Amino acid sequence: MPRLPLAFVALAAVLAAGCPHGWRSSCPAPDVVDCDLARSVRLEALRARAWMLDAESFGSRAAAQPGADRAAHFMAAELQSAGLTPAGDRGTFLQDVPLRVDEPRQPSVVLATGNVQLTLMDERDYTVLEARGNTRVLVDAELALVDGPPGDGAGWAKGRVGLIPVRTPQDLDRAPAAARALAARGAHAAMLCPRGPQARDTYTAAQRRLQRPTVRLADDAVPTSPAALPAAAPATELKLLLALAPPACEQLLAAAGGPGAARPVLPMRVRAQVRLVPRPAHGFNAVALYRPTRAAAGPPLLVAAPLDGSGLDLAGLLEIGRTLTLAARQPARPVLVLAYAAAAGAPVGLRHYRRHPTAGAPGPTISLRLERDPLSRAVIDCARVVQSLISGEGLLAGAAE
């Protein structure tokens, strides 16, 4: 007899527990997951919506990008179909989010080794993927080779620029994590170095997939004097992330004399600067309200996910809203369902909603993060979230901006 995957067996056990045909008489964990709620969350709907939102053809869903507007309008239409009440601007499911985008201008990158200097030409030799600061970003540091994620003992990364080899376009999926690991260890900047037979395709993919200007709220205070300027970037973020064109990458390694296994710090300094010029932009939050028929007490509960995050989280947000409308029990408070504008980890739409609530200032919050593998786990987690909203237990305190 063939063996079924354990994930399938687990999901079947949860769903069958309340099946009218009586496969099982009780839930495997009735104190954790309500079986009626688990049956209401549709696995196929999660899969289909997540696949569509994550498809490359949908485009980037980062704030101020066309894909973000498409995602917000899609979420608004689906929230309406789920039977929720509009909670955006002017009786709609959308809230305008005024933004400011800091565009990098006049970049300059010089590599110095001994008495030799190499000046990289913008676009032909490199692309600025991210630049974080106020009006100008400055980097002057030694170069260090990162051949794989840096280990816990990678003290050599502090105060330096990490050179991250990427050999295929698929390696780009791991590059942001490597850059964040460098930032956590005190690196100032990082440069992606495409190598191998797919180097040109990798460089083009990096430009298309990883280029992320800094996005802020339009009403964020802008420092007007040097004394008022905060630090250029938090300790957990790089000041600068570049992608090198393949010829520039090979030229850099040749000039540095090649990497040494016992000597990750290369005999080369990187001197870079970028001017940041703000331009006005806009984005959208998709926001809906579930209002119980019984008298509500206290501020609304909030369940939220970023528009630039996992398509599965956005799909789960829709299933949670729909399941609330079908549940036999109702929460004691209204529930806000929010898909908010975000970019490069900055939850600008969530901050905007907290400053300008359209359906009451939210109280306790659930930030949705669903597990994709196995997908059946996401079904159970969605049911758990709905159960928490109904019972009021297991909710987080309202997060500050």
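What you are looking at is a predicted structure, and each value in this text was computed from that prediction instead of being measured. Numbers here are sequence positions counted from 1.
Using modelled atom types, no side-chain atom of D102 and backbone atom of V277 make a donor-acceptor pair closer than 3.5 Å. Remark: the backbone N or O of D140 is paired with a side-chain donor or acceptor of R269 at under 3.5 angstrom. Side chain of R333 to backbone of P299: a donor-acceptor contact under 3.5 angstrom is found. Side-chain atoms of R322 come within 3.5 Å of backbone N or O of S40 as a donor-acceptor pair. Between the side chain of S391 and the main chain of L389, no donor-acceptor pair closer than 3.5 Å is present. Remark: the backbone N or O of F58 is paired with a side-chain donor or acceptor of R70 at under 3.5 angstrom. Under the 3.5 Å distance criterion, the side-chain polar atoms of S60 are matched with a main-chain donor or acceptor of A62. Checking side-chain atoms of D313 against main-chain N and O of L370 turns up a donor-acceptor pair under 3.5 Å. Listed for the S388 side chain is a donor-acceptor partner under 3.5 Å among the backbone atoms of R384. Judged by distance alone, the side chain of R377 and the main-chain N or O of D373 form no donor-acceptor pair under 3.5 Å.
Side-chain contact, R354 with T365: a donor N or O sits under 3.5 Å from an acceptor N or O. Side-chain N/O atoms of Q330 and T293 include a donor and acceptor closer than 3.5 Å. Side-chain contact, T358 with Q95: no donor N or O sits under 3.5 Å from an acceptor N or O. H352 and D96 form no side-chain donor-acceptor contact under 3.5 Å, judged by distance and modelled atom types alone.
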Query - Criterion side-chain contact (heavy atoms from CB on, under 4.5 Å) on V337 and I320, from CA distance to verdict - result: CA-CA 9 Å; V337 179; I320 287 168; 5.6 Å; no
Query raised in the report: Can V128 and L241 be said to form a side-chain contact (heavy atoms from CB on, under 4.5 Å), step by step?
Result: CA-CA 6 Å; V128 177; L241 178 62; over 6 Å; no
**Report entry** Worked verdict on V166 versus C193 for side-chain contact (heavy atoms from CB on, under 4.5 Å)
**Finding:** CA-CA 6 Å; V166 282; C193 183; 5.8 Å; no
Report task. In sequence, state the C-alpha distance, the side-chain angles, and the governing distance for L276 and T135, and then conclude on side-chain contact (heavy atoms from CB on, under 4.5 Å). Result -> CA-CA 5 Å; L276 297 177; T135 58; 5.8 Å; no
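A salt bridge is absent between E56 and R209: the closest approach of a Lys/Arg side-chain nitrogen to an acidic carboxylate oxygen does not fall below 4.0 angstrom. By the 4.0 Å N-to-carboxylate-O rule, R61 lies too far from D308 to be salt-bridged with it. We find that E250 and R195 are joined by a salt bridge, their nearest charged nitrogen and carboxylate oxygen being less than 4.0 Å apart. With salt bridges taken as basic N to acidic carboxylate O contacts below 4.0 Å, none links E130 and K239.
Closest non-hydrogen pair, P247 versus R200, comes out as CD-NH2, 3.8 Å. Taking every heavy atom of both residues into account, A72 and L94 meet most closely at O-CD2, 3.6 Å. Minimum heavy-atom separation, I164 to L182: CD1-CD1, 3.9 Å. Of all heavy-atom pairs between A272 and V109, the closest is CB-CG2, 4.1 Å. Nearest heavy atoms, Y340 versus P347: CE1-CB, 3.6 Å. In terms of heavy atoms, L84 sits closest to G321 at CD2-O, 3.7 Å.
To the nearest 0.5 Å, the span separating CZ on R49 from CE on M75 amounts to 8.0 Å. For the atom pair CG of L46 and CG of L317, the computed distance is 11.0 Å after rounding to the nearest 0.5 Å. With values rounded to the nearest 0.5 angstrom, T323 atom OG1 is found 10.5 Å from L318 atom CG. Here the CD1-CG distance, from I366 to L301, works out to 8.0 Å after rounding to the nearest 0.5 Å. For the atom pair L368 CG and D381 CG, the distance stands at 8.5 Å (nearest 0.5 Å). Rounding to the nearest 0.5 Å places CG of N285 at 14.5 Å from CZ of F93.
In this structure the side chain of P362 reaches within 4.5 angstrom of the side chain of Y353, judged on heavy atoms. Side-chain atoms of L242 and L240, non-hydrogen and from C-beta on, do get closer than 4.5 Å to each other. Looking at L192 and L129, their side chains come closer than 4.5 Å, going by heavy atoms from C-beta outward. Between H282 and P98 the shortest side-chain heavy-atom distance does not fall below 4.5 Å. Put simply, the side chain of L252 reaches to within 4.5 Å of the side chain of M268, judged on heavy atoms. Between Q198 and R167, the closest side-chain pair of non-hydrogen atoms is not below 4.5 Å. At least one side-chain heavy atom of Q273 sits under 4.5 Å from a side-chain heavy atom of R136. Considering only heavy atoms from C-beta on, V161 comes within 4.5 Å of M191 through its side chain.
Within a 6.0 Å sphere centred on CZ of R291, other residues, nucleotides and ligands contribute 12 heavy atoms or fewer.
In terms of the salt bridge (charged side-chain N to carboxylate O under 4.0 Å, His left out) criterion, R329 has no residue partners (sequence neighbours excluded).
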